[in-house]
Amino acid sequence: MKRIAGYLSVILIISVSFLFSPKPLNDNEIRGKYINLGGYAGFIDNVDARMFVTRAMHPLKLMEQNEYRQSRPFYILMGSAIGYSLYYLSYPLHKYVKPYANKFSCKEHPEDT
């Protein structure tokens with residue numbers, strides 16, 4: 001158990017350290033938008049991230065004819081499995097998070113639904 005906790009700690013530290021990577025010097029270097037989290041932290045919101053999240057929420061869309069992500073369904077299916085598992089495990093916290101959920105919805109990108 002200590003070994004697993006150690007590995008998880010290392011993964012968490014490395015993941016959080018990516019938030020403190022330097023901001024791209026030029027917007028043409030990235031395919032997305034840099035999201036600033038205060039003065040020192042941030043991340044890049046990739047252009048197709050919303051589509052991946054939407055497909056993970058609705059994996060049956062992979063079955064539609066000429067679906068763009070049919071060639072790589074593993075990412076979508078893994079995202080769906082992990083996302084729904086976390087959703088149901090975090091169910092007791094939903095009443096506290098729900099008031100903030102609309103701030104982060106994808107309603108401004110209807111093409112992703």
Side-chain angles (χ1 to χ4, degrees):
M1 189 65 169
K2 286 184 180 183
R3 180 182 244 174
I4 292 173
Y7 289 142
L8 289 175
S9 298
V10 169
I11 290 170
L12 181 65
I13 290 168
I14 291 171
S15 298
V16 169
S17 72
F18 277 108
L19 291 175
F20 297 98
S21 299
K23 181 180 177 178
L25 298 174
N26 187 344
D27 285 341
N28 295 332
E29 294 177 357
I30 59 174
R31 287 190 59 219
K33 179 181 175 185
Y34 184 78
I35 308 295
N36 195 3
L37 301 174
Y40 301 103
F43 64 95
I44 297 172
D45 182 17
N46 202 343
V47 282
D48 60 353
R50 293 180 195 275
M51 189 274 308
F52 273 109
V53 171
T54 303
R55 294 304 182 269
M57 290 170 64
H58 308 285
L60 285 178
K61 286 188 177 278
L62 286 173
M63 304 306 284
E64 293 176 0
Q65 188 171 357
N66 298 325
E67 169 59 36
Y68 179 67
R69 294 292 172 189
Q70 280 181 343
S71 62
R72 293 193 209 166
F74 183 73
Y75 297 117
I76 304 294
L77 296 175
M78 286 304 297
S80 185
I82 292 169
Y84 278 113
S85 297
L86 290 173
Y87 176 80
Y88 290 113
L89 286 172
S90 66
Y91 187 76
L93 303 174
H94 289 186
K95 63 183 173 188
Y96 302 110
V97 176
K98 195 168 186 163
Y100 304 102
N102 289 335
K103 289 183 180 181
F104 302 105
S105 69
C106 296
K107 290 178 182 173
E108 68 267 10
H109 297 281
E111 68 276 2
D112 292 341
T113 56

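Heavy atoms of other residues, nucleotides or ligands lying less than 6.0 angstrom from CG of Leu86 number more than 12. More than 12 heavy-atom neighbours from other residues, nucleotides or ligands sit within 6.0 angstrom of OH on Tyr34.
Following chains of ILVMFWY side-chain contacts shorter than 4.5 Å, one can reach Val16 starting from Ile35, so the two form part of one hydrophobic cluster. With hydrophobic clusters built from ILVMFWY side chains whose heavy atoms lie under 4.5 angstrom apart, Val10 does not share a cluster with Leu12.
With sequence neighbours excluded, the residues that form a side-chain contact (heavy atoms from CB on, under 4.5 Å) with Tyr87 are His94.
Put simply, CG on Leu60 and CD1 on Ile76 are 12.5 Å apart, with the number rounded to the nearest 0.5 Å. Rounding to the nearest 0.5 angstrom, the gap separating the CE atom in Met51 from the NZ atom in Lys61 is 11.5 Å. Atom NE2 in His58 sits 10.0 Å away from atom OG in Ser80 (nearest 0.5 Å).
Within the 4.5 Å cutoff, the side chain of Phe18 has no heavy atoms near those of the Phe43 side chain.
Residues Pro73 and Leu62 approach most closely at CB-CD1, 3.9 Å, considering heavy atoms. Listed here is the closest heavy atom pair of Tyr40 and Phe20: O-CD2, 3.5 Å.
A donor-acceptor pair under 3.5 Å is formed between the side chain of Tyr84 and the backbone N or O of Met57. Listed for the Ser9 side chain is a donor-acceptor partner under 3.5 Å among the backbone atoms of Ala5. Side-chain N or O atoms of Ser17 include one that pairs as donor or acceptor with a backbone N or O of Ile14 at under 3.5 Å.
Within the structure, the salt bridge (Lys or Arg N to Asp or Glu O under 4.0 Å) test picks out the following pairs touching residues 40-49 (sequence neighbours left out): Asp45-Arg50, Asp48-Arg69.
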